[in-house]
Amino acid sequence: SEGFSSDSDASDNEGPSGAKPEQAKPGKKSRDTHGLPISGTADLLSGPSAASKFDADLFDEDEDDHGGISVTGVHIRIQQRTARKSTTTLQGLPEQFDLKYMLKYFKKTFGCLGAVINDKTYGQVIQLGGDQRIKLRDFLVSEGIAEKRHIVVHGF
């Protein structure tokens, strides 16, 4: 017996601690590394029929991007608070996008604080802590929400 047990209860799949490894459950949605499901622009819209609410003068449809919707006139600004602290604002996204869901994704992905602010002049604005200008621009371009030439990055 030399110190080895010959119990038939022990499985070959068990690790050194005796616990069985977890297996992926079938039918689960694919999620990004932070637990939020992002699979394109459709997830960022506020409702299932939101695509029908778009105004033609606010959006351009790109045929190269598989019929995706591209927003024009997006502004990303940075505002200095103190010598080392700053806030980044994202303005110009239409109301059809679920800004709270986008904010949740930004906060988890960028590791910062944030809020959705209602402004009288600019409408709803996403406000993030820190300098997130390049990350925001890259996200909007990679998801096909806006083209790089339609995004204006302000600051320093």
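Looking at every heavy atom in both residues, Gly129 comes nearest to Cys112 through O-CB, 3.4 Å. Annotation for Val74 and Ala146: closest pair CG2-CB, 4.3 Å, computed over non-hydrogen atoms. Counting all heavy atoms, side chain and backbone alike, Gln91 lies closest to Arg77 at OE1-NH1, 2.7 Å. Closest approach of Ile78 and Ser86 over heavy atoms only: CD1-OG, 3.7 Å.
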Leu140 and Arg137: side chain to side chain contact (heavy atoms under 4.5 Å, CB included), yes or no, with the steps?
CA-CA 5 Å; Leu140 295 174; Arg137 183 195 65 201; 6.0 Å; no
Test side chain to side chain contact (heavy atoms under 4.5 Å, CB included) on Val152 and Ile76 and set out the steps.
CA-CA 6 Å; Val152 181; Ile76 301 173; over 6 Å; no
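A continuous path of Ile, Leu, Val, Met, Phe, Trp and Tyr side chains, each step under 4.5 Å between heavy atoms, connects Tyr105 with Leu136, placing both in one hydrophobic cluster. A single hydrophobic cluster is seen to contain both Met102 and Val116, as judged by linkage of ILVMFWY side chains at heavy-atom distances under 4.5 Å, directly or through other members. Phe110 and Val125 are not part of a single hydrophobic cluster, where members link through side-chain heavy atoms under 4.5 Å apart. By the criterion of side-chain heavy atoms lying less than 4.5 angstrom apart, applied directly or through intervening Ile, Leu, Val, Met, Phe, Trp or Tyr residues, Tyr122 is not grouped with Leu90; the two fall into different hydrophobic clusters.
Under 4.0 Å is where a charged nitrogen must lie from a carboxylate oxygen, and between Lys100 and Asp98 no such pair does.
Within a 6.0 Å sphere centred on CG of Leu113, heavy atoms belonging to other residues, nucleotides or ligands number 12 at most. The number of heavy atoms from other shown groups lying within 6.0 Å of CD (Gln80) is above 12.
In this structure, the side chains of Ile151 and Glu147 stay at 4.5 Å or more apart for every pair of heavy atoms. In this structure, the side chains of Thr87 and Arg81 come closer than 4.5 Å at one or more pairs of heavy atoms.
Between the NE2 atom in His75 and the CG atom in Leu93 there is a gap of 11.0 Å [rounded to 0.5 Å]. Of the inter-residue distances, the one linking Asp119 atom CG with Thr121 atom OG1 reads 5.0 Å to the nearest 0.5 angstrom. Considering CD of Gln124 and CG of Leu103, their distance stands at 11.0 Å, rounded to 0.5 Å. Rounding to the nearest 0.5 Å places NE2 of His154 at 8.5 Å from OG1 of Thr89.
Using the six-membered ring where Trp is involved, Phe139 and Phe106 have ring planes that are perpendicular, over 60° apart on the 30 and 60° scheme.
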